[in-house]
Amino acid sequence: MDWSSLPADLLLAVFARLPCDADRARFRAVCAGWGAAAASWRPRPWLVGRGGGGGGLVPFAAAVPAGLEFLSSSSHGYLALSDPMATPKAVALVNPVTGRRIRLPPIGFFKRWHDVATVVLSADPGTADEWAAVAVGFPTNCLAYYSSAAGAWTPLGFSAAGYAGVEHYRGRFYVAFKSQLCVCDVEATVPAVIPLEQLTDDDDGGGGENVDTGRRVVETHLVECDGELLLVSVRDNLERNPEDATIFGDAGDDDDHDGSSSSSDSDGGGDGRVVEVLRVEWVAGGAVRLVRQEDLRSRALFLGRNRAFALSPAEFPACRANCVYLVDQQGHPDGRVRVFDMNADGRWEPEEAAIVARNYALRDETIYPDDGRRDAQSAGWARRGWFFPKY
């Protein structure tokens with residue numbers, strides 16, 4: 001029997017029943033027909049947390065090289081790893097499913113390697129003729145640009161304390177810090193991060209908004225979703241007032257919280273979070289307008305300081321539509337995943353929903369591993385962030 005000539009739907013049925021990601025990678029390598037059948041399979045998002053016995057990677061059924069130090073997850077299915085014994089240290093991009101490894105040169109002007117938040121790629125280095133990358137440092141916010149053609153890292157002119165989100169969108173790298181959107185000008189003599197002009201209602205009567213609510217921005221993310229670019233701001237707790245107290249009271253009095261939100265916030269300023277989703281609208285002259293999104297169009301957003309992406313619950317039934325999955329307090333021992341529901345008006349009475357809409361708040365809860373533990377033993381299980389594999 002010629003196995004390579006089996007119908008694609010039958011091959012996909014076999015592929016879906018394979019027990020681990022390593023087997024799926026081997027399946028794709030059999031021949032072009034098997035690889036084409038497997039291409040329609042959507043991989044599952046992984047959460048990199050704290051493994052047993054002192055931390056590190058959660059055990060993968062995949063080829064993660066021994067002896068390398070975890071820096072962050074990256075885009076296009078790669079982990080950013082480093083050899084702690086090598087001098088000078090350099091990033092190695094590793095696909096933990098296929099075992100493909102891409103070695104990058106050292107970034108000599110990065111001072112603290114364990115603070116590399118992510119490496120964002122323009123394309124898969126394993127298949128693209130030319131590709132580029134932007135490495136993001138935290139908390140000092142060093143940014144570096146790498147071109148496969150040049151084979152070297154170049155510092156990007158950018159100075160800001162805190163976390164900045166980076167995304168590669170329509171052929172260019174974009175950086176968001178707080179509510180400011182910037183573009184990486186890598187063709188200039190001195191590569192730099194250039195702020196883009198933002199238009200508001202006062203500028204031309206369009207649909208833009210003043211997005212500065214006065215609340216401290218904890219972190220900002222850029223996410224490509226259905227061909228559009230979203231800027232997502234995670235802000236500190238609301239300033240509560242008496243009429244809102246019944247909704248935004250302490251977590252212990254609210255059945256929709258699990259009680260875990262009474263823990264301290266290592267970032268300061270309380271444990272509550274406000275999530276704002278803004279769509280980037282491109283206007284003439286290179287300017288942009290930020291338009292507030294009241295829903296995610298049946299998508300789910302996964303946000304982490306290492307990786308941010310959008311998924312369709314139709315393809316991933318375990319995801320909840322119109323929700324934001326945030327790795328909160330990432331990098332700290334009490335890191336966790338909080339789920340913010342944007343379907344506010346379906347969960348509260350009309351007058352309560354009006355208060356929520358006015359304050360741009362989302363009801364949230366915390367999710368845990370399936371081991372059922374919700375105590376100190378589970379602390380740090382989500383501290384590393386999201387990773388989306390690629391076969």
Side-chain angles (χ1 to χ4, degrees), residues 21-22 24-29 35 38-39 43-46 48 56-110 112-138 142-156 166-169 171-175 184 186 191 224 304-309 384-391:
D21 293 297
R24 294 190 175 104
R26 297 185 186 101
F27 181 100
R28 294 178 63 100
R44 301 157 294 177
W46 294 353
V48 183
L57 292 176
V58 168
F60 292 127
V64 178
L68 294 181
E69 181 181 72
F70 179 83
L71 293 176
S72 72
S73 59
S74 182
S75 55
H76 293 277
Y78 287 87
L79 296 173
L81 308 177
S82 179
D83 183 353
M85 305 303 294
T87 303
K89 290 184 179 180
V91 172
L93 299 174
V94 178
N95 184 322
V97 177
T98 65
R100 183 187 296 274
R101 186 183 305 192
I102 309 293
R103 293 191 178 275
L104 300 178
I107 312 177
F109 44 87
F110 267 29
R112 299 181 61 189
W113 281 88
H114 65 279
D115 285 341
V116 174
T118 190
V119 179
V120 180
L121 307 174
S122 65
D124 185 342
T127 58
D129 293 333
E130 291 188 7
W131 54 277
V134 169
V136 184
F138 179 83
C142 296
L143 296 181
Y145 174 76
Y146 174 84
S147 166
S148 64
W153 291 98
T154 302
L156 287 171
V166 176
E167 181 67 290
H168 185 262
Y169 177 75
R172 306 190 75 178
F173 285 99
Y174 292 90
V175 178
C184 294
V186 298
E224 183 174 0
R305 287 179 173 174
N306 61 311
R307 188 74 178 97
F309 49 84
R384 293 298 190 183
W386 298 111
F387 171 71
F388 200 76
K390 184 175 181 179
Y391 298 111

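Numbers for residues simply follow the sequence, beginning at 1. Keep in mind the model is a prediction, meaning the values are calculated, not measured.
- Side-chain contact check for Val175 versus Val134: every heavy-atom pair is 4.5 Å or farther apart.
- Residues Ala132 and Tyr145 approach most closely at CB-OH, 3.5 Å, considering heavy atoms.
- Ring-plane geometry between Phe309 and Phe388 is classed as tilted, the angle between the planes lying from 30 to 60 degrees on a 0 to 90 degree scale.
- Ala149 pairs by the side chain to side chain contact (heavy atoms under 4.5 Å, CB included) definition with Glu130, Ser147, not counting sequence neighbours.
- Taking CZ of Arg100 as the start and CG of Asp124 as the end, the distance is 6.5 Å to the nearest 0.5 Å.
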Steps toward side-chain contact (heavy atoms from CB on, under 4.5 Å) verdict (Leu93, Leu121): CA-CA 10 Å; Leu93 299 174; Leu121 307 174; 3.8 Å; yes
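- Side-chain contact between Lys390 and Tyr78: absent, with no pair of heavy atoms (C-beta onward) separated by less than 4.5 Å.
- Annotation: side chain of Pro105 is in contact with side chain of Tyr146 (closest heavy-atom distance under 4.5 Å).
- Residue Ala133 comes nearest to Val119 through the heavy atom pair CB-CG1, 4.0 Å, listed as atom of the first residue, atom of the second, then distance.
- Considering all non-hydrogen atoms of both residues, Pro106 and Ala90 come closest at N-CB, 3.7 Å.
- Qualifying side-chain hydrogen bond (donor to acceptor under 3.5 Å, both in side chains) partners for Tyr174, counting only residues two or more places apart in sequence or in other chains: none.
- Contact between Val120 and Ser74 at its shortest, heavy atoms only, is N-OG, 4.4 Å.
- Closest non-hydrogen pair, Ala92 versus Arg101, comes out as CB-CG, 4.4 Å.
- Side-chain contact check for Phe173 versus Leu143: every heavy-atom pair is 4.5 Å or farther apart.
- Two residues are said to be in side-chain contact when any heavy atoms from C-beta on lie closer than 4.5 Å; Ser75 and Arg307 meet this criterion.
- In this structure, OG on Ser73 lies 10.0 Å from CG on Leu81, to the nearest 0.5 angstrom.
- Side-chain contact between Leu104 and Trp153 is present, with heavy atoms from C-beta onward closer than 4.5 Å.
- In this structure, the side chain of Glu224 does not engage the main chain of Glu167 through any donor-acceptor pair within 3.5 Å.
- Between Val91 and Ser82 the shortest side-chain heavy-atom distance does not fall below 4.5 Å.
- At least one donor-acceptor pair under 3.5 Å links the side chain of Ser148 to the backbone N or O of Trp131.
- The shortest non-hydrogen separation linking Ser122 to His168 is CB-NE2, 3.4 Å.
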